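For ligands, and for the atoms within them, numbers begin at 1 and follow the listed sequence. Just so you know, these numbers use all the heavy atoms, side chains as well, and skip hydrogens, waters and symmetry mates. No experiment lies behind these values; they were computed from the predicted model shown. Quick note: residue numbers are just sequence positions, from 1.
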Amino acid sequence: MFEILHKEKLAPGINLFEIKAEKIAKKAKPGQFVILRLHEKGERIPLTIADTNPEKGTVTIVAQEVGKTTYELGTYEVGDYILDFLGPLGKPSHIDKFGTVVMIGGGVGVAEIYPVAKAMKEAGNYVISILGFRTKELVFWEDKLKQVSDEVIVTTNDGSYGMKGFTTHALQKLIDEGKKIDLVHAVGPTIMMKFIAELTKPYDIKTVASLNPIMVDGTGMCGACRVTVGGEIKFACVDGPEFDAHQVNWDELMKRLDYYKDLEKISFEKWKRERGMV
Ligand SMILES: Cc1cc2nc3c(=O)[nH]c(=O)nc-3n(C[C@H](O)[C@H](O)[C@H](O)COP(=O)(O)OP(=O)(O)OC[C@H]3O[C@@H](n4cnc5c(N)ncnc54)[C@H](O)[C@@H]3O)c2cc1C
Ligand code: FES
């Protein structure tokens with residue numbers, strides 16, 4: 001059992017939890033994730049390790065409420081326990097001195113790029129972080145990313161804060177200004193990562209994306225998380241989750257993510273009915 005020591009609402013529907021998990025806190029590297037199960041009847045879901053505190057023995061996760069399990073997690077408070085918390089899983093991000101690295105986070109992806117941006121900065125890179133949100137009230141961690149970046153650009157789709165538009169617009173502007181970019185690292189909704197990959201490809205800018213397929217065990221045993229990269233089948237939980245974005249079959253990934261849509265809806269509706277929410 002893993003105790004929640006701290007909870008914070010970062011933005012509507014986006015919750016941060018600091019969880020006591022000493023072994024994971026000691027071993028985790030940027031880019032890795034955990035699989036958790038809330039209780040005996042729960043499903044296993046993957047969430048990125050957004051931060052760690054090895055001295056305190058804690059791991060921070062940031063979860064966006066999108067369906068039954070993440071909404072249920074949102075009802076958990078300090079002092080509550082999570083039944084299973086497995087990790088660190090996946091391959092760590094490839095950190096090196098590349099030169100200028102553009103970190104792109106879309107929505108909850110902003111929390112996921114933080115440990116990677118921090119490591120990239122510590123490795124001596126010039127780090128530009130582009131943080132994309134739908135609207136002003138969803139903006140979070142701008143200050144935290146500023147601490148580990150040389151430049152931070154915030155975009156909102158509706159222009160209510162920062163630059164108006166998508167993360168791709170901010171990236172295109174940097175390219176148009178003649179900025180020499182050695183690596184783009186993108187984490188966010190699949191559609192965002194696909195468009196980032198399409199944008200950088202003609203410029204031949206090396207682009208890495210952290211893929212978010214359906215996962216079950218997270219340890220390479222089932223293939224639920226399989227993706228096609230460079231024409232080859234890979235299991236994102238053990239071969240990734242980060243891959244060369246120009247080699248990923250994005251349309252296949254998006255199709256697979258929609259596979260359980262009807263069942264996800266049924267399960268969420270049932271959960272809400274049991275609580276008198278509908
Ligand atoms: C490596 C990895 C890291 C992730 N990190 C984060 C993170 O840090 N923060 C965050 O908010 N989300 C993260 N996600 C996505 C998160 O796992 C899903 O939002 C969550 O599983 C949804 O579960 P649900 O029951 O609330 O919603 P559902 O109603 O079950 O699903 C909503 C949508 O989430 C996706 N999804 C559902 N089940 C899974 C599953 N078992 N594995 C992956 N995706 C699923 C599907 O696209 C689905 O349409 C990550 C996913 C992966 C693969
Ligand atoms: S989740 Fe089962 S192999 Fe990756």
Original post:
Considering Q64, E112, E72, which one's heavy-atom position lies nearest to atom 8 (O) of ligand 1?
Top reply: E112
Original post:
Given the protein's heavy atoms, is any one of them under 4.0 Å from atom 18 (C) of ligand 1?
Top reply: no
Original post:
Taking 4.0 angstrom as the limit, do E142 and K146 come out as a salt bridge?
Top reply: yes
Original post:
Do ligand 1 and D258 have nitrogen or oxygen atoms that lie under 3.5 Å from each other?
Top reply: no
**OP:** Identify the protein heavy atom lying closest to atom 22 (C) of ligand 1, giving its residue, its atom name and the separation to 0.1 Å.
**Re:** V66 CG2, 3.7 Å
Original post:
When you check the gap from the basic side-chain N to the acidic O, do K179 and E151 get nearer than 4.0 Å?
Top reply: yes
**OP:** Run the numbers for me: atoms of ligand 1, each under 4.0 Å from some heavy atom of A63, listed by number.
**Re:** 11 (O)
Original post:
Looking only at non-hydrogen atoms, which of I266, T190, I214 approaches atom 36 (N) of ligand 1 most closely?
Top reply: I214
**OP:** Could you tell me which atoms of ligand 1, counted from 1 in the order shown, lie closer than 4.0 angstrom to a heavy atom of V108?
**Re:** 9 (N), 10 (C), 11 (O)
**OP:** May I ask which of T70, I35, I61, V187 has a heavy atom nearer to atom 20 (C) of ligand 1 than the others do?
**Re:** T70
Original post:
Taking NZ, NE, NH1 and NH2 as the nitrogens, is one of them in K144 or D51 under 4.0 Å from a carboxylate oxygen of the other?
Top reply: yes
**OP:** Please confirm whether M215 comes within less than 3.5 Å of ligand 1 when only nitrogen or oxygen atoms on both sides are compared.
**Re:** yes
**OP:** Within a distance under 4.0 Å of any heavy atom of P213, pick out the atoms of ligand 1 and give their elements.
**Re:** 42 (N), 43 (C), 44 (N), 53 (C)
**OP:** Could I get the full list of ring-ring contact (aromatic ring centres under 6.0 Å, His included) partners for W250, not counting sequence neighbours?
**Re:** none
**OP:** State whether E177 and K173 are salt-bridged, where the test is any N-O pair (Lys NZ or Arg NE/NH1/NH2 against Asp/Glu carboxylate O) under 4.0 Å.
**Re:** yes
Original post:
Is any NZ, NE, NH1 or NH2 atom of the basic residue among E274 and K270 found under 4.0 Å from an Asp or Glu carboxylate oxygen of the other?
Top reply: yes
Original post:
What protein N/O/S atoms are found closer than 2.8 Å to atom 2 (Fe) of ligand 2?
Top reply: D217 OD1, C222 SG
**OP:** Kindly confirm or rule out an N or O of P46 lying under 3.5 angstrom from an N or O of ligand 1.
**Re:** yes
Subject >> Per-atom contacts of ligand 1 with R44, taking only distances under 4.0 Å to non-hydrogen atoms >> reply: 41 (N)
**OP:** Quick one: look up the protein heavy atom nearest atom 30 (O) of ligand 1 and list residue, atom name and how far away it is.
**Re:** E264 CG, 3.2 Å
Original post:
Is it true that E242 and K91 make a salt bridge, defined as a side-chain N closer than 4.0 Å to a carboxylate O?
Top reply: no
**OP:** Return yes when E65 approaches ligand 1 closer than 4.0 angstrom through a heavy atom, no otherwise.
**Re:** no
Original post:
If you count the atoms of ligand 1 from 1 in the order shown, which ones are under 4.0 Å from a heavy atom of T69?
Top reply: 24 (P), 25 (O), 26 (O)
